[in-house]
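Step one of this worksheet: look at the structure below.
We name chains A, B, ... by the order of the sequence lines, and we start the count at 1 in each one.
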Amino acid sequence: MSSRIGVVTFPGSLDDRDAQRAIAIAGGEPVALWHGTTNLSGIDAVVLPGGFSYGDYLRAGAIARFSPIMSSVIDAAKSGMPVFGICNGFQVLCESHLLPGALTRNDHLHFICRDQKLRIENTTSAFTSGFDTNQEIVIPLKNGEGSYIADERTLDELEATGRIIARYVDVNPNGSRRDIAGITNEAGNVVGLMPHPEHAVEAGFGPSLDGLAFFTSVLSTLVNAS
Amino acid sequence: MARVVVDVMLKSEILDPQGKAVERAAQRLGYSTIASVRQGKRFELEIDGPVDDAALARIRELAQSLLANTVIEDFTVRVEDN
């Protein structure tokens, strides 16, 4: 039986269907979850997709963080369920304090949409175990508020504990501290990533198939855990 | 009805690209004495009932959890005179 991976749709989510599609292509069973429920429908893992939840009003991710589904997601994350926040989902995870730091407006103020090279530096988290250490990948990046910020002590701790899962290579597209594109929590089950792996999973669409390994990684993680 | 104002500003050490853009525009318009601009948010809360210490404590709780992200922002709470 394939693993059931939920994808939350908030008002203003854009990439929920692409995330569901990526999960199916990876061999999992995608489960659509609505923001207004607290019922996680027996899922094994959850993806918070990209987009502009609640219009990015107040701060990106700030209102989504208080939606009914997030109280269940936060509880599940704390008891070890794999949670993957992509772009706006990463912002929601920071606002929920499941991940440290914050994502702020790009330092140059422009919305960026480009194929971005990344280096995968952590291959033990629930969503990166299928990569080789220091593997370079190219996936789409599209954000206006993707500049990762935390205080120096937090950044040092992330470095020392290997919790920076991916860094931007060649160009830092948004002013993120220490070129950070994605991080994980201490347990490795909660992962946030600013670029979009779900747009690089199928031949003919996107710059590569490099995004697929994020989704196959969590399926392997779940099989190994059971 | 009493009004409570919550002002939220990016912490001084956090880069404020929006404030910088406004600052550059102001200088372009000839306001040469404006040395620096920082942009923030102002929330006006109309309060039912008395604005006593307990009410202000509740508002600070809201400011801390929702109105501001204290990782990157500071906030102030004040009662506005009618």
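Summarising the local packing, NZ of B:Lys11 is surrounded by more than 12 heavy atoms from other residues, nucleotides or ligands at distances under 6.0 Å. Atom CD of A:Glu186 sits in a sparse spot, with 12 or fewer heavy atoms from other residues, nucleotides or ligands closer than 6.0 Å. Few gaps surround CZ on A:Phe111; more than 12 heavy atoms of other groups in view lie less than 6.0 Å from it. Under a cut-off of 6.0 angstrom, the local environment of CZ in A:Arg17 is sparse, with at most 12 non-hydrogen atoms contributed by other residues, nucleotides or ligands. Heavy-atom contacts from other residues, nucleotides or ligands closer than 6.0 Å to CG of B:Asp53 number 12 or fewer. Within a 6.0 Å sphere centred on CZ of B:Arg58, other residues, nucleotides and ligands contribute 12 heavy atoms or fewer. The 12-atom threshold is not exceeded at CZ of A:Arg153, counting heavy atoms of other residues, nucleotides or ligands nearer than 6.0 Å.
In this structure, B:Leu66 and A:Ala62 approach most closely via the heavy-atom pair CD1-O, 4.0 Å. When all heavy atoms of B:Leu67 and A:Leu58 are compared, the closest pair comes out as O-CD1, 3.8 Å. Annotation for A:Leu109 and B:Pro17: closest pair CD1-O, 3.4 Å, computed over non-hydrogen atoms.
Of the two parts of B:Glu73, only the side chain, counted from C-beta on, holds a non-hydrogen atom closer than 4.5 Å to a non-hydrogen atom of chain A. Contact of A:Thr104 with chain B is made through the side chain alone, with heavy-atom distances under 4.5 Å. In this structure, chain B has a heavy atom under 4.5 Å from the backbone of A:Asn106, while its side chain stays farther away.
In this structure, A:Ser147 OG and B:Leu15 CG are separated by 7.5 Å, a value rounded to the nearest 0.5 Å. Distance check, rounded to the nearest 0.5 Å: CD of A:Glu152 to CD of B:Glu13 gives 10.5 Å.
By number of non-hydrogen pairs under 4.5 angstrom with chain B, the leading residue of A:His108, A:Arg65, A:Arg59 is A:Arg59.
Among the candidates B:Leu10, B:Val71, B:Ile14, the single residue satisfying the side chain to side chain contact (heavy atoms under 4.5 Å, CB included) test with A:Ile149 is B:Ile14.
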